[in-house]
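Read through the structure below, which is laid out as structure tokens, and then see the notes.
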Amino acid sequence: MSGETGIYILMAVVSLISTLAVYMAVVEKDLVKAVIYSALQSGLYTILYFLLLAPDIGLVYIPVAVGLIPGVLLILISKTERWEKE
Amino acid sequence: MISVLETPIILRVIGSALLCLGAFAALVSAIGFHRFKNFYLRLHAATIGSIWGSVYPLVGSAILAITVEELGVYRWFVAGASIVAAFIVLILAPAGSHALARGVHKAKVARVKPCIADKLDPELCG
Amino acid sequence: MLMELILIVMFIYAIAILLLSIIALKGPTIGDQVLAIDVLTYISLVLFTLLSIYLKQPLLIVLVIPLALWVYSLDIYIAKYLEHGDLGA
């Protein structure tokens, strides 16, 4: 098995795990856990952007999706409600 | 001084030894997250994964990247960025997990399940 | 010889990332989910450095330093939210 096949297999596995994380973020009723699932999906997406040989897109994606979006969403959750009702 | 660096055997052995240590520590840390029983014990596994699994291998790959001649003059850039990243992880990772443990204990989110005594807050003792 | 060793070490790191993301998806409390994301990110830094040496592209190393800096702020957001109830804004 050469190195190219290994990189394609890693890309496939990381994509599947990030899809599962997005599904659990949509279904979850506790909104703080949904923010954490969203941050996990963003971390796995930076691995994908690296494997596709695009470091400048990943460099812009990291401060927005890991650094600012969870902060703004947590301020929003602390001022409204935490548990999503029916 | 430069004539000593022309034989890359010693630098490659040191770099490869640090990388193998880091791979073993990362695997042990990932298995340890499953085997520990509550949150406060998992902090030990997180420390093994952060420091032995990420600081030492970054220094090792910096030493290893100096000997790879196909990268041209950029091998010094790769080594410099790796050492800067190792220093940043060494300072930030323990501070982050300490703040997280303090927040979790104050908010009573995680209980101490096989517990003998918890003097800070005795009602958390499972 | 060197490239085969780097390939084996990258494979072991990929297995560690897979095992840690199982805890991040199903972990019993919020605290160990955030801890697993933290350790997963610091371990993937080594994967990025080794891949940059293996693929002979030295400009890929630039992604490593901001990732190490910004994942620390996620810890601080969750810690401040759990301790005070709001983020002080």
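Computed from a prediction, not measured in an experiment: that's the story for all the values here. Order of the sequence lines sets the chain letters (A, B, ...), proteins ahead of strands, with each chain counted from 1. What's counted below: heavy atoms across the whole structure, side chains too, no hydrogens, waters or symmetry copies.
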Between [X] and chain A, which part of the residue has a heavy atom less than 4.5 Å away: side chain, backbone, both or neither?
| X | answer |
| --- | --- |
| C:L69 | neither |
| C:F48 | both |
| C:S44 | side chain |
| C:Y54 | side chain |
| C:L55 | side chain |

Shortest non-hydrogen contact from [X] to [Y]?
| X | Y | value |
| --- | --- | --- |
| C:M1 | C:E4 | N-OE1, 3.0 Å |
| A:V66 | A:S42 | CG2-CB, 3.9 Å |
| A:E81 | A:L31 | O-CD1, 3.9 Å |
| C:L25 | C:Q33 | O-NE2, 3.9 Å |

Task: Residue A:L10 versus chain C: region with a heavy atom under 4.5 Å - done: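 Just the side chain, heavy atoms under 4.5 Å.
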Task: Under 4.5 Å from any heavy atom of chain C - which part of A:I7 - done: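 The side chain, not the backbone.
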- [ ] Output the option from A:G43, A:P63, A:P70, A:A39 having the highest count of non-hydrogen pairs under 4.5 Å with chain C.
- [x]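 Going by pairs under 4.5 Å, I would pick A:P63.
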Task: Which of A:L68, A:I62, A:I17 touches chain C most, by non-hydrogen pairs under 4.5 Å - done: A:I62
Open item on the list: Any side-chain to backbone donor/acceptor pair from C:Y77 onto A:V72? Under 3.5 Å, distance only.
Closed with: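 No; zero donor-acceptor contacts below 3.5 Å.
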Open item on the list: When you measure from the side chain of A:S38 to the backbone of A:A34, do you find a donor-acceptor pair of N or O atoms at a distance under 3.5 Å?
Closed with: no
Open item on the list: Once rounded to the nearest 0.5 Å, what's the spacing between atom CD of A:E28 and atom CG of A:D30?
Closed with: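 Between atom CD of A:E28 and atom CG of A:D30 there are 6.0 Å.
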